[in-house]
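The structure under discussion appears below in the form of C-alpha cells.
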Amino acid sequence: MAATIPLLQFVPTKTFQAKIHSNRLRPTKQRGTFGLSMVTCSSSNGREPDSVDGVKSVERLLEEKRRAELSARIASGEFTVEKTGYPSQLKNGLSKLGVPREILDFLFSWADAHDGSPKIPEAKGAIGAIQSEAFFIPLYELYLTYGGIYRLTFGPKSFLIVSDPSIAKHILRDNSKAYSKGILAEILEFVMGKGLIPADGEIWRVRRRAIVPALHQKYVAAMINLFGEATERLCQKLDAAASDGEDVEMESLFSRLTLDIIGKALFNYDFDSLTNDTGIVEAVYTVLREAEDRSVAPIPVWEIPIWKDISPRQRKVATALKLINTTLDDLIAICKRMVDEEELQFHEEYMNEQDPSILHFLLASGDDVSSKQLRDDLMTMLIAGHETSAAVLTWTFYLLSTEPSVMSKLQEEADSVLGDRCPTIEDVKKLKYATRVINESLRLYPQPPVLIRRSLEDDRLGDYSIKRNEDIFICIWNLHRSPKQWDDADKFKPERWPLDGPNPNETNQNFRYLPFGGGPRKCVGDMFATYETVVALAMLVRRFNFQMALGAPEVKMTTGATIHTTEGLKMTVTRRIKPPIVPTLEMPTFEVDTSVGASKGDSLVGKKGL
Ligand code: HEM
C-alpha cells in the first residue's frame, strides 16, 4: 500500500512561490518524505547582496509565467477527466474479479439512473507532465481550480482531496465512525502497531479512554517545569555557540529538545539527546526515518520475507526497533515495580511527583493492557509528540526571521512576563502574543499538512455521493491557506488572532483551522504541545536574537508526517543585550551566577533566591 503514495509525488510548480508565501517558496527536485512533498522557501532574511535581487526578480517573472501556463492547462481541462472515473474503475475491477459483464452492465446502468447527484470534479494523473515533485503545492493549485473536493486519479489509484471546511467537519466529526485511518495505519503498522494513531474501532476506543485522562490539567501544568528545564539546556548550547561565533542548525536542535521532553513526559526516560547521539537516540531516528521512507517507496520491498534478512538497511531497522522495544519493556517493568511499591490512592488528577509520566499514570490507573499494546501506545505518542512540536518550532523560527517586527513584540512580551524566571503555568497563560505566534505558525505550516482517511461505507460529502473504500486526503494546508477563508492567507500575521479572543481551534473556527485535527480523533496532546512550544519560544527569544546565517542553504521544505526542511535551518544566534527588568510583586528575586559570561542575567534561569 505504501507503494501507492509515491504516485502522489508530482508537481510543484516553480511558479507557486509568490502565491504561497511572500518569502518565495520554491520547489526542489529532492525527494519528499511520507509521500508528500517538497518546496523550497528561500530565506535570506534580507541579507542577500543586492545583485542577487535582480536575478531573483527575473526568476520570479519566469515562475509567474510558468504558473500562469499551469493554470491555463488546468483550466483547459487537460487534467480533467470528462466522465466520472469511479464507477468505471469499480466496474473494471469487478470485471477483473470475474463478475459477469451482463450483471455489471445491469447494476451500473441502474446505479447511474438512480444517482442524481453530480459527479466529483476529477483531475487525472498525467500530472507528472507538470514536472515537479512537491505534493501539497499542486494540490493547492488544483484546489483553486476544482474547489473544495476533487478526485485525483493516478492509473488504477484515486484519492479524494478535501479542502472544504464543512466536508472536513463531516468526515472528522459528524460522521467520523464511517472513516478509518486507511493507508496511514498500513504504513505505520511496523512501528506503531495498534497504537492510538493508527488504531481503529474498538481498540482505538478503549485506548483513547485510557490515555486521555493521563493528560489532565495537573499533569500538563507539571510539564511546564520540564519544558523549562529542557529549554534551558538548549539555551546553554546556544550560549556556547554564541560565544564561539558558530552558526547553529536549529531544526536538529529542536528535534532533540522535543525528544528529550517527550521521553521524560511519556515514560520518565532522559534521552539526553541534546548531548548524546548514539544508542537509543540513534535507534529512534532510524525508525522514524524508515517510517517516512516506507511511505514513498515505489515497491514495499520490506514485505518480501527474505528482504528483511538480506537488506543491511532493514537489518538496521530491525535492530533499532528491537532496542527501542527492549528499552520500553524495561521502562514498563521499572514503572510497574514503582507502582507496586507505592501507597497508591488513585484519583482523577493522580500524579506521582517523582515520576509524573503518562506511563506511571496508566499503570497506576490499573490500565489492564498487554505490554505490547502499552508499548505501541508509548511509541505512537513518542512519534506524535516529537516531530510535530519540533517542526512547529522550526517553522516558527523561520517565520520570525522573516518578520523582525513580530520578533520584537515577542521579545518584549517575554521580557515583561518572564523576566529571568523559568516559566510557570501562570506565566504561560500570560504569554498571549507568543501563543498567537504559535497559532499562526501552525496555520501556515500545519503539522501534518494532510490528514488521511478511508471511507468504511458509502456516504455523501457535500453534494457528492462517495462509495466505501475511498482514500481521502483532508488537505489542511489548503484549508489554512485558502483565500476564501483568510485575508492575506499567505502572510504571517499573529495579529489576526486577537489577544483577548479565545484560543483558535477547530470549533470556534468552524473547521477552517485544524492544527490538531478535530472530532473524536483530535490530538490528545494539543494543550501539552501548545504549552511546550510557547515555553521554548519565549525562553529562547528572551535570551537570544536569531537570524538566518549568512550563506546558509536555502530553506527548503519537504513533507514527511510533518513538514521538514531539506537542509536544515541554519541560524546565527547572538545574545541579547537585555533591557532592564522591572520587578513585579509576583516576581521572586534571583541569585547572581557570576560564572557565566556575557549573558549573565540569563544564566539565572531557574535559580530562585526565594
Ligand atoms: C504541535 C504539536 C502537535 C501537533 C501539531 C499535533 C497534531 C495532531 C493532529 C493533526 C492529529 C490528528 C490526526 C488525525 O486526525 O489523523 C493528532 C493526533 C494525535 N496526537 Fe498530536 N499533535 C501534536 C503533539 C502531540 C503530542 C505532544 C502528543 C502526545 C503527548 C500527541 C499525541 C497524539 C495522539 C495520540 C493522536 C491520535 C489521537 C487519536 O487518534 O485518537 N500529539 N495530533
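One-based numbering, in listed order, for ligands and for the atoms of each.
Proximity of Leu196 to ligand 1, defined as any heavy-atom pair under 4.0 Å, is shared by backbone and side chain alike.
Of all the atoms in ligand 1, the ones that sit under 4.0 Å from a non-hydrogen atom of Val392 are 1 (C). Using a 4.0 Å cut-off to heavy atoms of Gly517, the atoms of ligand 1 that qualify are 10 (C). For ligand 1, the atoms closer than 4.0 angstrom to any heavy atom of Trp204 are 39 (C), 40 (O), 41 (O). For ligand 1, the atoms sitting less than 4.0 Å from at least one non-hydrogen atom of Pro515 are 5 (C), 7 (C), 10 (C), numbered in the order shown with element in parentheses. Within the listing of ligand 1, atoms 27 (C) sit less than 4.0 angstrom from a heavy atom of Phe528.
In this structure, the ring pair (Phe, Tyr, Trp, His ring centres under 6.0 Å) partners of Tyr269, at least two apart in sequence or on a different chain, are Phe271.
Atom 26 (C) of ligand 1 has as its closest protein heavy atom Gly385 CA, 3.4 Å. Given atom 37 (C) of ligand 1, the protein heavy atom at minimum distance is Ile197 CG1, 3.3 Å. Looking at atom 13 (C) of ligand 1, its nearest protein heavy atom turns out to be Leu451 CD2, 3.8 Å. With respect to atom 38 (C) of ligand 1, the closest heavy atom belonging to the protein is Arg208 NH1, 3.4 Å. Nearest to atom 5 (C) of ligand 1 among the protein's heavy atoms is Gln447 O, 3.0 Å. Atom 23 (C) of ligand 1 has its closest protein heavy atom at Thr388 OG1, 3.5 Å. Among protein heavy atoms, atom 40 (O) of ligand 1 sits closest to Arg521 NE, 2.8 Å. Of all protein heavy atoms, the one closest to atom 2 (C) of ligand 1 is Ala529 CB, 3.3 Å.
Two rings, from Tyr140 and His480, have their centers 6.0 Å or more apart. Residues His216 and Phe361 bring their aromatic ring centres within 6.0 Å. Checked against the 6.0 Å centroid threshold, Phe227 and Phe528 count as a close aromatic pair. Ring centers of Phe492 and Trp395: at least 6.0 Å apart, outside the cut-off. The aromatic ring centroids of Tyr350 and Tyr219 lie 6.0 Å or more from each other.
Within the set Pro449, Ala384, Gly518, the minimum heavy-atom distance to atom 33 (C) of ligand 1 is found for Ala384. Nearest to atom 9 (C) of ligand 1 by heavy-atom distance, out of Tyr531, Tyr445, Phe516, is Phe516. Residue Cys523 holds the heavy atom nearest to atom 21 (Fe) of ligand 1 of all those in Ala214, Cys523, Ala199, Gly525.
Ion pairing between Asp488 and Lys493 holds under the 4.0 Å rule for side-chain N and carboxylate O.
A side-chain donor-acceptor contact under 3.5 Å links Glu249 and Ser252. Judged purely by distance below 3.5 Å, without hydrogens or angles, the side chains of Thr275 and Asp272 pair a donor atom with an acceptor atom. A side-chain donor-acceptor contact under 3.5 Å links Arg151 and Ser158.
The closest approach between a heavy atom of Pro448 and any atom of ligand 1 is below 4.0 Å. Note on ligand 1: Thr380 sits outside its first shell, no heavy atom being nearer than 4.0 Å. Under a 4.0 angstrom heavy-atom cut-off, Lys181 registers as being in contact with ligand 1. Remark: distances from the non-hydrogen atoms of Arg453 to ligand 1 include one below 4.0 Å.
Annotation for Pro165 and Leu479: closest pair N-CD2, 3.5 Å, computed over non-hydrogen atoms. For the residue pair Pro498 and Arg436, the shortest heavy atom distance occurs at O-NE, 3.1 Å.
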Problem set entry | Criterion salt bridge (Lys or Arg N to Asp or Glu O under 4.0 Å) on Glu506 and Lys522, from CA distance to verdict | CA-CA 10 Å; Glu506 75 287 1; Lys522 185 178 171 174; 3.0 Å; yes

